[in-house]
Amino acid sequence: MEIVIAQDAAAGARAVADEFEQVLRAGDGAVLGLATGSSPVAAYAELIRRHREEGLSFAGARAFLLDEYVGLPADHPQSYHRFIREQLVDHVDLDSSTVISPDGAAADPAEEAERYDAAIAAAGGVDLQILGIGVNGHIAFNEPGSSLASRTRVVALTRSTIEANARFFDRAEDVPRHALSQGLGTIREARRIVLTATGEQKAAAVAQLVEGAVSARWPATVLQLHPHVTVVVDEAAASRLELAEDYRAAR
Ligand code: GLP
C-alpha cells in the first residue's frame, strides 16, 4: 500500500483527484468505480474544478457505483444514484446514462446483485475504484463478518452503520435496513484502488486497514492483498498508525 498522510483536506483531495486524472488521461473509455458518503466529496469537488478550469474531461468514461440502499428508488433524495449525480456527474462531462448503480427498487434484489456483477465484468472491470471506510472498517456496505471473497449481494446494515447514516435522513427509522453492495471479492478486482479517510473517528479503522491482520472483522483489511492501493488520510485519521513516520519518510 502507498500511504499518503496529507497536510490538510485540500492536499488530500488533490492526491485523490490525481489518481483519477491519471486514469482519465491514459485513454478513452476508462471505467471508474465511484463511492458515496462524505469522504470522497472533496475529491469530487477538486475533479469538478479541474474539469472547469483545466479541461480535464470525463468524455467516454463510464462508471459503476459501489452500493445502493434496498427499497429506495433511483430518484429518492437519499439514494446513492442521486447523490453521485449531485456531487459529481452533473458537473462534469460524464454521460449520466453510463453511470450505473445497483437498482435498489428491483423486484428481485438478489437477481439484481448477480446482474450487477455481470455488468461490471462485461464492461471489462473497473480501472480505478475510490473508497471511503466506515468507522467499523466496512468498505461499500461490507460489514464485519463479510466474506473476503464476497460478490455483489444483498446485505443487512449493522446498527452502527444505520446510526452513522441517520444524519442524512429525517429520522433514524427512515434509514433502510438493507443495501445492495459490491462484495469484497468484486472490489478487489478493480485494477487500482484509492481509499480516503479523514477525522479521528476513522483512526481505528485506518490503523487496522494498514497495520492490522487481514480479517473479516475489519473488512477493509482485504485491500492488503491488492497490488495497487493508495490510502490518502489526514493527520487525524492517521493518528493511530504505529509506523506513520516510516510512511512519511517513504514518500
Ligand atoms: C457508508 C457507505 C460507504 C462509505 C462509508 C463511510 O455507509 N456505504 O461507501 O465509505 O459509509 O461514509 P463517510 O464517508 O460518510 O464517512
Side-chain angles (χ1 to χ4, degrees), residues 6 9 12-13 15-16 32-46 63-72 76-84 86-88 99-102 104 109 113 116 120 126 128-146 150 152-169 172 174-184 186-188 190 193-210 218-223 229-234 236-238:
V16 176
L32 306 176
L34 299 177
T36 55
S38 48
S39 304
V41 167
Y44 293 158
E46 170 64 8
F64 287 92
L65 235 65
L66 276 176
D67 47 13
E68 182 60 277
Y69 290 116
V70 168
L72 296 195
H76 188 282
Q78 302 308 335
S79 78
Y80 286 170
H81 174 98
R82 184 138 157 202
F83 179 99
I84 201 64
E86 288 172 356
Q87 298 296 330
L88 177 67
V99 178
I100 314 294
S101 44
Y116 197 69
I120 296 172
V126 169
L128 173 65
Q129 177 67 58
I130 182 170
L131 296 173
I133 186 169
V135 289
N136 63 1
H138 76 223
I139 51 176
F141 272 129
N142 293 283
E143 301 282 26
S146 295
S150 50
T152 303
R153 68 205 184 289
V154 178
V155 294
L157 307 188
T158 61
R159 218 177 34 195
S160 91
T161 297
I162 291 167
E163 278 166 19
N165 290 5
R167 67 190 194 277
F168 299 112
F169 292 81
D174 295 340
V175 184
R177 274 17 188 188
H178 293 88
L180 276 158
S181 177
Q182 283 191 34
L184 296 171
T186 318
I187 293 168
R188 269 182 71 183
I193 293 175
V194 58
L195 183 147
T196 183
T198 56
E200 212 279 322
Q201 76 280 12
K202 299 289 175 71
V206 167
Q208 292 293 333
L209 158 70
V210 177
W218 295 92
T221 57
V222 74
L223 299 179
V229 175
T230 306
V231 176
V232 180
V233 287
D234 67 355

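First listed ligand is number 1; within each ligand, the first listed atom is number 1.
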At what distance is the nearest protein heavy atom to [atom], and which residue and atom is it?
atom                    : value
atom 14 (O) of ligand 1 : S39 OG, 2.5 Å
atom 16 (O) of ligand 1 : K202 NZ, 2.6 Å
atom 13 (P) of ligand 1 : S38 OG, 3.4 Å

Are any of the N/O atoms on R167, whether in the backbone or the side chain, positioned under 3.5 angstrom from an N/O atom of ligand 1? yes

Q.
Using a 3.5 Å cut-off on N or O atoms only, is F168 in polar contact with ligand 1?
A. no

Side chain or backbone of [X] under 4.0 Å from ligand 1, or both, or neither, by non-hydrogen atoms?
X    : result
A140 : backbone
D67  : side chain
A35  : neither
I133 : backbone

Could you give the distance from [atom1] ([X]) to [atom2] ([Y]), rounded to the nearest 0.5 Å?
X    : Y    : atom1 : atom2 : answer
D174 : H76  : CG    : NE2   : 7.5 Å
L195 : L223 : CG    : CG    : 6.5 Å
Q182 : T152 : CD    : OG1   : 5.0 Å
S160 : H138 : OG    : NE2   : 7.5 Å

Which of the numbered atoms in ligand 1 are under 4.0 angstrom from any heavy atom belonging to [X]?
X    : answer
G132 : 10 (O)
G37  : 14 (O), 15 (O)
F141 : 7 (O), 8 (N)
H138 : 1 (C), 5 (C), 7 (O), 11 (O)

Only one of L128, V126, I100, L65 passes side-chain contact (heavy atoms from CB on, under 4.5 Å) with L34, and that residue is L65

Identified side-chain contact (heavy atoms from CB on, under 4.5 Å) partner of D67 from the options T36, N142, I139, L180
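Per the side-chain contact (heavy atoms from CB on, under 4.5 Å) rule, the option paired with D67 is T36, out of T36, N142, I139, L180.
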
*Spell out, as yes or no, whether a donor-acceptor pair under 3.5 Å connects the side chain of T221 to the backbone of L209.*
no

* Heavy-atom neighbours of R159 CZ exceed 12 at 6.0 Å -> no

Relative to the ring of Y69, is the ring of Y80 parallel (under 30°), tilted (30 to 60°) or perpendicular (over 60°)?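 Tilted: the ring planes of Y80 and Y69 meet at 30° to 60°.
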
